[in-house]
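Letters A, B, ... are given to chains in the order of the sequence lines, protein chains preceding strands, and every chain is numbered from 1.
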Amino acid sequence: MPLHLTLDGETHAIEIVRRKPRLVLEVDGRRYEVVEDVDQGVGSLVVDGARVAVARAVVEEGPRETCFVRIEGRTHEIGLIDPREETAGRDSSRDEIHAPMPGAVVTVHRRAGEAVARGETVVTIESMKLQTALAAPRDGVLAEVLKSAGDTFDKDAVLARLVPADGD
Amino acid sequence: MISTSGADFRRNEAHNRTLVAAFREKQEAARSGRPKRDLDRLAAQGKMTPRQRIEKLIDPGTPFLELSSLAANMAYDGEAPGAGSIVGIGVVSGREAIIRADDPTVKGGAWYPLTIKKIVRALDIAIENRLPLVHLCDSAGGFLPLQSELFPDRFMAGRIFRNQSILSKIGVKQLSLVFGHCTAGGAYIPALSDYSVIVRGTGAVFLGGPPLVKAATGEESSVEELGGADMHTSVSGTCDYPAATEDEAILIGREIVAQWDRPAKWPIQRETAEPPAYDPQELYGILPDDIKKQFDMREIIARIVDGSRFHEYQPNYGSTLVCGFANIWGFKVGIVANNGVLFNDSSLKGGHFIELCDQNNTPLVFLQNITGYMIGRDYERRGITKDGAKMIMAQSCARVPKFTVMCNGSFGAGNYGMCGRAFDARLLFAWPNHQIGVMGGDQAANTLVEVKANQMRRAGEAVDPATLARVRAETLAAYQEQTSAYYSTSELWDDGIIDPLDTRNALGIAISVSLNAPLGDKGYGVFRF
């Protein structure tokens, strides 16, 4: 199954055809042979016989990472589309943070009214000697946080609720 | 996915690098920190240190995977570094072998109770993996003040000789190189080896040394007459080859091993090995600075397996147990790793995945970070105990080789389901941050305080807060010491602490040697459905 990457906003399908002895990729139906050019140091690739200098940087914003690559003097933004998560970010059926097991609240990280991104930790709980970070199941705004530090709860209790952010 | 530039990552990294540095320091002290007096005595006898002997025995440029390097580090007031014994896996004349060396720089190589435990474990590893064994003998014999702890019981000194006999019976070769004295029980080590070499002048083998013989019968004799190289290789036939020097003994030993047939390894699924795509150095930033903090075991897996490729099985079911397939140094393995407490669904998933691996001849790697199976009324009603029992049954009966890495906590029955020491992992390694116990220190202290208070109430006494505080403090202190990785490895509850960075290599060697032993017949007991 091909991976889907975005390059400056446009989606491309990439299949790894083989890894050995050389990496062969099929990008949007065309095959490329890619070799890391170790002699030239990090960031030098040989693509179908032509040398390409590449620099890569990752910028983090909250739980999200954006990858930039610089090739031949131009900077491009690269994104990875995870098929399992593609539709999850705005899934309004996931509006509640439930307790996965009975336990107690250790820390409430975000307050009602704050905007959160999917994957951001909202509450840390402790149960069975283990602290578990409970993350926002979707992007949105915290409508309410129902427990404070030290409160105990049963399995499946609702600990916080989300509403869609304005404009969604 | 973890952020490798966040504050948490950097704090964890600093914390774990400190832990690993402390481990390296302790390990270095156990390996080479010896009083000059002991080293001088060895040199005066014309002897090498045991590590020099091992260095010359193994093939140049090949790795030596030392096991239990910190055995006995918290016992005998620290008098027996490494438990006075060196054990490890190396390559001799192109054949993988387990090497076991007495350490004459520690109390003349005397065997403490934990020395015996370490030797018996080495022999068990040899039996389970059909791994040839080379003994480098130089021991004063049992440490007599502690004889009751090393002589009489089932897994004490006698077990060494029982295991040697079993090894020979199943066709696993043993070679003894006798550099120093092998007295009393120790004399049976070369006698029960298939091959033995003895160094003239310093090597000696006898049931009773000259002082004991004199005391028992009045007979006066020299070491050479009683058990020297020439007597044993030309008169008694107890040893096979005389050697003029230690170097010559090692040379003869290497030639002997070169005669042995190479074990036929069973055909595991293999790919060309490749390093992880994610930098293993990042393991330090992923492991938390507090045992209570959660981390995603998939981040660990990505830094151990080939190409960081992991085929996760049932990714949405029983998500507190991560199961899936990967390759380590090319060898196909099934990985079972904790991502939280074991619930009913995660226990069933674990048992099921173990059966799949057993069916497919895929060795199992357990990555432990477990605080236990979930407790409470709802979970008991849903059968958490019988679901945990299913996982334990599957895990115990699986006939494929199992390997365990203690990545963080190992508490309660979770230790059992995840192939703790009692479940015969071929090798079991621990990371320096590891903690182990039937329960955590806090929980034990709370339980014992409760028990004490109830005792006082039953006896009609007033509940005395000072007594309870003392019980709590004593319990916490004892737990803190006894749950640490150093205590665990001191007692040989594992095969050694390793730097997390070395995990991939250690597992690669462990899997390779495990393939010598043919897979047994498939079969399980009764699962309680």
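For residues 378-388 of chain B, heavy-atom neighbours of chain A at less than 4.5 Å comprise B:Tyr379, B:Arg382, sorted by residue number. Of residues 97-111 of chain A, those residues lying under 4.5 Å from chain B by any heavy-atom pair are A:Pro100, A:Met101, A:Pro102. Within residues 282-296 of chain B, the residues having any heavy atom less than 4.5 Å from a heavy atom of chain A are, in residue-number order, B:Ile291, B:Lys292, B:Lys293, B:Gln294.
Applying the 6.0 Å contact sphere to OH of B:Tyr416 captures no more than 12 heavy atoms from other residues, nucleotides or ligands. For B:Ile375, the CD1 atom sits in a loose shell: 12 or fewer heavy atoms of surrounding residues, nucleotides or ligands are nearer than 6.0 Å.
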| message | Run A:Arg19 and B:Arg309 through side chain to side chain contact (heavy atoms under 4.5 Å, CB included) and show every step you take. | response | CA-CA 12 Å; A:Arg19 290 172 193 274; B:Arg309 280 191 295 281; 2.9 Å; yes

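For A:Arg56, the salt bridge (charged side-chain N to carboxylate O under 4.0 Å, His left out) criterion is met by no residue, not counting sequence neighbours.
Side-chain N or O atoms of B:Thr371 include one that pairs as donor or acceptor with a backbone N or O of A:Met128 at under 3.5 Å.
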